[in-house]
Amino acid sequence: MEFKTAVFYFLSAILVFASLRVITARNPVHAALNLILAFFSAAGVWALLQAEFLAISLILVYVGAVMVLFLFVVMMLDINLDRIREGFWSYLPLGAIVGLVMVAELGAVMAANYLGVLETDAPQAVAGASNTKDLGRLIYTDFVYPFELASVILLVAIVAAIAITYRGPKKTKYTDPAEQVRVRAKDRIRVLQMPAEKQD
Amino acid sequence: MVDALQQFLQGIFGTVFPLVWVMLKIVLIIAPLLLGVAYLTFWERKVIGWMQVRIGPNRVGPWGLIQPIADGVKLLLKEIVIPSGANKGIFLIAPMFAFAPALAAWAVIPFNDTLLLASIDASLLYVMAITSIGVYGIILAGWSSNSKYAFLGGMRSAAQMISYEIAMGFALVVVLMVSNSLNLGDIVKSQGQGMFADNGLGFLSWNWLPLLPMFVVYLISIVAETNRAPFDMAEGESEIVGFHVEYSGMAFAVFFLAEYANMILVSALTAILFLGGWLSPVGFLPDSLFWLFGKITAVLFFFLWIRATFPRYRYDQIMRLGWKVFIPLCLVWLVVVGCWMMSPWNIWK
């Protein structure tokens, strides 16, 4: 067995195990941590495919930012596990259907390679070329409109998320830092000149 | 000499030699780094002492030089108390989560053209990705301690770290735009070209001058990123309860090792990205590894200097600085540099 294959199986084993633990762990924080491990292993698998930009940005975006916010939320939630488990059997048929559809879709994509549905083979990385640069060049030339469209959709999502949670100006005791910085000593204190009193 | 050693080791280890060779290189990076971490704490206490007209540690060994080792031994001998109700596994993993990224990032730091462990194309992205994992140490330490103070402290520090990561990331985007590369070695080499460098005044060609606003943003962001004074919301000996309030002994010390290792790492990055790495500041002196060490030392001194100088920021002011000042500034400067590069006055051809 080639060394690369061994690394692949090692990463995949961790990936599968961590993914299983995400749905079986009782503690939601443990589940989130396993998800982080799963992302990390997936990034390793991608790095094996020489997709270094994708692998690193998976860690940078998902592990470094998204999962941190996820952990924030999960840690602050007061989750009662028994209450969640109550509805397990009634949700099972729906869950099973969704799962089967996903398996079928994945199977179709996987089989496409064997059945020759795809027009070309998977592109091979050019040795010595930086695929980060190639990817950037493609995004900003051939795929600039889809890329701009995706970013506009993201912007709309950000605005919508803020609009949903915004509940109007609050009556707080907020003070403007800019105003605080501008304050000078003579605005706040007044030095009085008083004749010295005699000590008796 | 290196070749002779290589052949000698190859004779001994045979097929596993590449593994041994890489391990040897890792040890050669990590061991001086840990020594540097230990003596950075000593240097910090000395420098702050001098700035405050005190003497600083001077009892253990000549001029107090054995002090960091005495501190380490003391912390090793202390008991590690695990609070009742704490999530034991995560409680013990959290310090490692904080420390390990600070070491792993050194894999791609170039010491000069040839001296580095791993040359990968996207090494700047790698450093950013790996250092962004360090925040888990803080969150997990706060959560697993089963203490509300630790939890709130963890949230506070983690929110601060991700906020400043954005401004830092934008500053780096500008650097990679002008260097036209994500490779740290190429970024250094690109700083050795230009009008001033050709006339023997290399230090005026480094990124700090044309990208001065980004340099300032980066310099302040790394202080906030490493949770150092004046942005030390995590730890303020007597006033603020931070995420590591339940930690003791070596588990506590590892958080501090992580903080100082991170300081050295971000100083090295500042030296490489903005201060020309191993390049010599003037034409008549040769480029060398020692320039890099000198620049790292200068940035580290800046860390200690501002700690002794500035009072601590209030938390809402930290957030305001990060989100309302730095991020808009970076966005504007990104566009400015973009236009500059497209104009006939482009200096980075």
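Chain naming here is simple, since letters A, B, ... match the order of the sequence lines and numbering starts at 1 in each.
- For chain A, no part of B:Ile166 is nearby; none of its heavy atoms comes within less than 4.5 Å.
- No other option in A:Leu33, A:Leu71, A:Val29 has as many heavy-atom pairs under 4.5 Å with chain B as A:Val29.
- No hydrogens or angles considered: a donor-acceptor pair under 3.5 Å links the side chains of B:Ser163 and B:Trp323.
- B:Tyr136 touches chain A through its side chain: at least one heavy atom from C-beta onward sits under 4.5 Å away, while N, CA, C and O do not.
- The backbone N or O of B:Leu172 sits nowhere less than 3.5 Å from a side-chain atom of B:Tyr218 that would complete a donor-acceptor pair.
- With a 4.5 Å cut-off on non-hydrogen atoms, B:Asn183 does not touch chain A at all.
- Looking at B:Ile162, only its side chain comes within 4.5 Å of chain A, counting heavy atoms on both sides.
- In terms of heavy-atom pairs under 4.5 Å with chain A, the best-connected choice from B:Leu140, B:Asp316, B:Thr131 is B:Leu140.
- Proximity to chain B involves both the backbone and the side chain of A:Ala178, based on heavy atoms less than 4.5 angstrom apart.
- Taking chain A as the reference chain and counting heavy-atom pairs below 4.5 Å, the highest number among B:Leu182, B:Ile139, B:Ile133 is found for B:Ile139.
- Without hydrogens or angle criteria, B:Gln160 side chain to B:Met319 main chain gives no donor-acceptor distance under 3.5 Å.
- In this structure, the side chains of B:Leu116 and B:Ile109 stay at 4.5 Å or more apart for every pair of heavy atoms.
- Of the possible polar contacts, one joining the B:Thr226 side chain to the B:Val223 backbone as a donor-acceptor pair under 3.5 Å is found.
- In this structure the side chain of A:Thr132 never reaches within 4.5 angstrom of the side chain of A:Ile56, judged on heavy atoms.
- Not one N or O on the side chain of A:Asp187 forms a donor-acceptor pair closer than 3.5 Å with the backbone of A:Val183.
- Contact of B:Leu125 with chain A is made through backbone and side chain together, with heavy-atom distances under 4.5 Å.
- Only the side chain of A:Ile36 comes within less than 4.5 Å of a heavy atom of chain B; its backbone N, CA, C and O stay farther away.
- With respect to chain B, the highest number of heavy-atom pairs below 4.5 Å among A:Val68, A:Leu69, A:Val181, A:Ile59 belongs to A:Val68.
- Considering B:Phe99, B:Phe97, B:Phe243 in turn, B:Phe243 is the only one that fulfils the ring-ring contact (aromatic ring centres under 6.0 Å, His included) rule with B:Phe255.
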